[in-house]
Protein chains: 2
Amino acid sequence: MVRPGHWGVRARVERFSEPALLLLLRERPAHGYELLEALPPLTGEARVDMGNLYRVLRALEEDGLVTSRWEAGEPGPAKRTYELTTAGRRLLDEWAAALRRSRDHIDTFLDRFEGR
Amino acid sequence: MVRPGHWGVRARVERFSEPALLLLLRERPAHGYELLEALPPLTGEARVDMGNLYRVLRALEEDGLVTSRWEAGEPGPAKRTYELTTAGRRLLDEWAAALRRSRDHIDTFLDRFEGR
DNA sequence: TGCACCTATATGTAAAACACACATGAGATT
DNA sequence: AATCTCATGTGTGTTTTACATATAGGTGCA
């Protein structure tokens, strides 16, 4: 469960980088590396694992939540640019609703913690 | 990562049952089964896995965050009653702080989602 | 030219967290 | 004696996250 002596608590939301990706892509199309750098201020995480980030993007694409194309004609390494689909937008809405519920549970907890 | 077609989102807080346990034990000593029934309204989860609950309790005890004793003299199956230690109380405070940060990140996300 | 560095995309695998299934036993009810 | 609830646990598989490494184009510079 937890290794002894390591009770560092972070209280993170599971798969929070996923809605964060969708929100960034709703604002504008972007490629993976760009998203990687834009995520931390949105999630509050110091950094997001790049390996898993690319895996999530491809999983999202498999299910038609985003589409991608290789960006041609630009200098530097090839970039795969992602764009949000309408299905992806719906999923983002679901995430927002789930996050509101989650925040309410945290508030319930904190109210009780503070003795109210 | 996620099995295809299953993008059910719940946005749960990781290990949320742990601070919930600590909070319940701050209010009064209790045994596992009792805690199991008291958790759902506090965490918002429909139910908590009992197997993991007992494991968490014993892990907490190993690290001196709770203490336990077998309840004697009562009818019914033997009960192991847990009590919070001062170290456990400190950990609960850390959890509360982490949960406040987490809630703030969610708010940041939702504000941006709603376009503010 | 050689090498360090940044951008960019990816795979492999281990660890942590969570879910599902089952075992054991006391006591009450039918 | 069979079944139900209370109560405590173990075993094990799945999902999620973390850490490590691979590949490759392009830039700066000694």
Side-chain angles (χ1 to χ4, degrees), chain A residues 1-21 29-40 43-62 66 68-82 95, chain B residues 1-21 29-40 43-62 66 68-82 95:
Chain A
M1 179 68 43
V2 175
R3 57 185 184 284
H6 173 265
W7 290 93
V9 295
R10 285 171 294 180
R12 292 173 304 178
V13 173
E14 62 168 12
R15 284 163 48 199
F16 196 22
S17 58
E18 189 183 307
L21 283 176
H31 62 270
Y33 193 85
E34 211 178 338
L35 294 164
L36 186 71
E37 293 187 316
L39 278 175
T43 60
E45 296 289 315
R47 61 208 157 85
V48 175
D49 186 82
M50 55 174 182
N52 295 329
L53 173 78
Y54 288 114
R55 273 184 278 242
V56 169
L57 284 170
R58 271 177 295 120
L60 286 167
E61 184 167 26
E62 262 183 63
V66 301
S68 81
R69 53 177 158 48
W70 285 101
E71 211 55 56
E74 282 184 54
K79 299 168 196 175
R80 185 189 283 277
T81 299
Y82 288 91
W95 263 106
Chain B
M1 179 65 44
V2 174
R3 55 186 185 282
H6 174 262
W7 291 93
V9 295
R10 283 172 295 183
R12 292 173 305 177
V13 174
E14 64 169 11
R15 283 163 51 196
F16 197 22
S17 58
E18 188 183 307
L21 282 175
H31 61 273
Y33 193 84
E34 212 177 338
L35 294 163
L36 185 71
E37 293 187 316
L39 278 175
T43 61
E45 296 289 315
R47 60 206 158 87
V48 175
D49 186 81
M50 57 174 182
N52 295 330
L53 173 78
Y54 288 114
R55 275 185 276 243
V56 169
L57 284 170
R58 271 176 294 122
L60 287 167
E61 184 166 27
E62 262 184 63
V66 300
S68 80
R69 54 178 158 50
W70 285 101
E71 210 56 55
E74 282 182 54
K79 299 169 196 175
R80 184 187 284 277
T81 299
Y82 289 90
W95 263 106

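All values below come from the heavy atoms of this structure, side chains included, with hydrogens, waters and symmetry mates left out. So that the names make sense, note that chain A is the first sequence line, chain B the second, and so on, each numbered from 1.
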Only counting residues at least two apart or in another chain, list the ones meeting side-chain contact (heavy atoms from CB on, under 4.5 Å) with Glu61(A).
Val66(A), Ser68(A), Arg80(A), Tyr82(A)
Quick check for you: among dT10(D), dA10(C), dA7(D), whose closest atom lies nearest to any side-chain atom of Pro77(B)?
dA7(D)
Selected nucleotide, minimal atom distance to Tyr54(A) side chain, candidates dT8(D), dG25(D), dA10(C)
dA10(C)
Who pairs with Glu34(A) by salt bridge (charged side-chain N to carboxylate O under 4.0 Å, His left out), at least two apart in sequence or on another chain?
none
Under the salt bridge (charged side-chain N to carboxylate O under 4.0 Å, His left out) test, which residues partner Glu71(B), sequence neighbours left out?
Arg69(B)
OP1 or OP2 of dT15(D) versus the side-chain N and O atoms of Arg15(A): is any pair under 4.0 Å?
no
Arg80(A) side chain N/O closer than 4.0 Å to the phosphate oxygens (OP1, OP2) of dT9(C)?
no
Just the table, please: protein N/O against nucleotides 28-30 of chain C N/O, every pair under 3.5 Å.
none

Specify the closest pair of heavy atoms between Leu39(A) and Ser17(A), including all atoms of both residues, with the distance to one decimal.
CD2-O, 4.1 Å
At their closest point, which heavy atom of Gly32(B) faces which heavy atom of Leu57(B), and how far apart are they?
CA-CD1, 4.0 Å
Show me the protein contacts with nucleotides 19-21 of chain C, counting only N or O atoms at under 3.5 Å.
{"from": "dA19(C)", "atom 1": "OP1", "to": "Arg12(B)", "atom 2": "NH1", "distance (Å)": "2.5"}
{"from": "dA19(C)", "atom 1": "N7", "to": "Asn52(B)", "atom 2": "ND2", "distance (Å)": "2.7"}
{"from": "dA19(C)", "atom 1": "N6", "to": "Asn52(B)", "atom 2": "OD1", "distance (Å)": "3.3"}
{"from": "dC20(C)", "atom 1": "N4", "to": "Asp49(B)", "atom 2": "OD1", "distance (Å)": "3.4"}
{"from": "dC20(C)", "atom 1": "N4", "to": "Asp49(B)", "atom 2": "OD2", "distance (Å)": "3.3"}

Rounded to the nearest 0.5 Å, what separation is found between the CG atom of Leu36(B) and the CZ atom of Arg47(B)?
10.0 Å
Residue whose nearest DNA chain C nucleotide is more 5′ - Glu14(A) or Gly32(A)
Gly32(A)
